[in-house]
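As the structure is a prediction and not an experimental result, all values here were calculated from the model.
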Amino acid sequence: MAVLYRTGQWAAAHRNPLLSDALELHRVLAVLLFAMAVCRLDPVRGRCGLPLRAVTLLTAGAAHAVLAKGLYAAGPPGTSFAADDLRAGAQLMYYGGDAVEVFLRPGPRRAVVRGHRTAPGTAGGPGSRPAGAH
């Protein structure tokens, strides 16, 4: 994102409709891939553990916030956004990034047991009672 917003690529994308569409597609796919990696949506062996995913999310969030603060101060080269529009966009990027980070924050996985049922009245089954309850 820093390369996009801190070089002339952003301005070039706004001059060329095909490049603009390719950029939008790239951003959507990158966000989906990032979210899937952090949330661990697919059960793939050898995935990174919770600490690495949490650090990755926090690092990406910090980089996003730094870029948003930089855009608040100065717009992308080659563009002529109004100061109020630029600041509003930078604030949306800053606070929106925080909201997404909270939403994507990784948590411990819950084990899902499929097809396992216990008989009524046995430990953990429907209708079971705590010890000593009659």
Side-chain angles (χ1 to χ4, degrees):
M1 287 179 60
V3 171
L4 174 66
Y5 290 116
R6 288 294 166 214
T7 65
Q9 290 183 0
W10 180 253
H14 280 281
R15 287 190 299 268
N16 183 338
L18 184 61
L19 186 57
S20 179
D21 291 345
L23 176 64
E24 291 300 320
L25 179 63
H26 170 75
R27 282 199 287 186
V28 167
L29 294 176
V31 167
L32 287 173
L33 181 63
F34 182 76
M36 288 173 58
V38 170
C39 292
R40 210 170 148 173
L41 295 177
D42 53 344
V44 176
R45 288 184 141 172
R47 280 285 177 110
C48 299
L50 178 63
L52 181 58
R53 290 184 296 125
V55 167
T56 301
L57 180 62
L58 292 174
T59 303
H64 196 264
V66 167
L67 180 61
K69 287 181 178 186
L71 288 172
Y72 188 88
T79 61
S80 58
F81 295 110
D84 289 341
D85 291 341
L86 183 63
R87 288 188 179 122
Q91 286 177 340
L92 179 64
M93 183 179 187
Y94 183 81
Y95 293 113
D98 286 349
V100 169
E101 184 179 344
V102 168
F103 179 72
L104 291 179
R105 185 159 295 151
R109 291 189 76 178
R110 294 185 199 121
V112 177
V113 179
R114 296 176 192 227
H116 177 73
R117 295 180 187 230
T118 55
T122 61
S128 64
R129 296 185 186 130
H134 295 284

What one should report as the nearest heavy-atom pair of Ala11 and Gly78 is CB-O, 3.5 Å
How long is the span from the CG atom in Leu67 to the CG atom in Leu71, to the nearest 0.5 Å? 4.5 Å
Considering residues at least two apart in sequence or located in another chain, which fulfil the salt bridge (Lys or Arg N to Asp or Glu O under 4.0 Å) criterion with Arg6? none
I'd like to check the side-chain contact (heavy atoms from CB on, under 4.5 Å) partners of Ser20; sequence neighbours left out, ordered by chain and number. none
Same hydrophobic cluster for Val100 and Leu57, using side-chain heavy-atom links shorter than 4.5 Å among ILVMFWY? yes
Ala22: what forms a side-chain contact (heavy atoms from CB on, under 4.5 Å) with it, not counting sequence neighbours? none
Residues 59-77 vs side chain to side chain donor-acceptor pair (under 3.5 Å), sequence neighbours excluded, gives none
Please assess Leu86 against Thr79 for the test side-chain contact (heavy atoms from CB on, under 4.5 Å), listing each intermediate value before the final yes or no. CA-CA 10 Å; Leu86 183 63; Thr79 61; over 6 Å; no
For Glu24, check side chain to side chain donor-acceptor pair (under 3.5 Å) against everything at least two apart and list the hits. Arg27
What's in the same ILVMFWY side-chain cluster as Leu32, cut-off under 4.5 Å, chained through other members? Val28
Please write out which residues are connected to Leu33 in a hydrophobic cluster, directly or through intermediates, given that two of Ile, Leu, Val, Met, Phe, Trp, Tyr count as joined at side-chain heavy-atom separations below 4.5 angstrom. none
How long is the gap from NE2 on His26 to CG on Asp21, to the nearest 0.5 Å? 14.5 Å
Other cluster members, Tyr95 - Ile/Leu/Val/Met/Phe/Trp/Tyr, side-chain contacts below 4.5 Å: Tyr94
Whether over 12 other heavy atoms sit under 6.0 Å from His14 NE2: yes
The criterion is ring-ring contact (aromatic ring centres under 6.0 Å, His included); which residues satisfy it with Tyr5, sequence neighbours excluded? Trp10
Please write out which residues are connected to Leu58 in a hydrophobic cluster, directly or through intermediates, given that two of Ile, Leu, Val, Met, Phe, Trp, Tyr count as joined at side-chain heavy-atom separations below 4.5 angstrom. none
Hits for side-chain contact (heavy atoms from CB on, under 4.5 Å) against Ala60, two or more places apart or cross-chain, chain-then-number order -> Phe34
Across all chains, not counting sequence neighbours, the side-chain contact (heavy atoms from CB on, under 4.5 Å) partners of Val3 are Thr7, Gln9
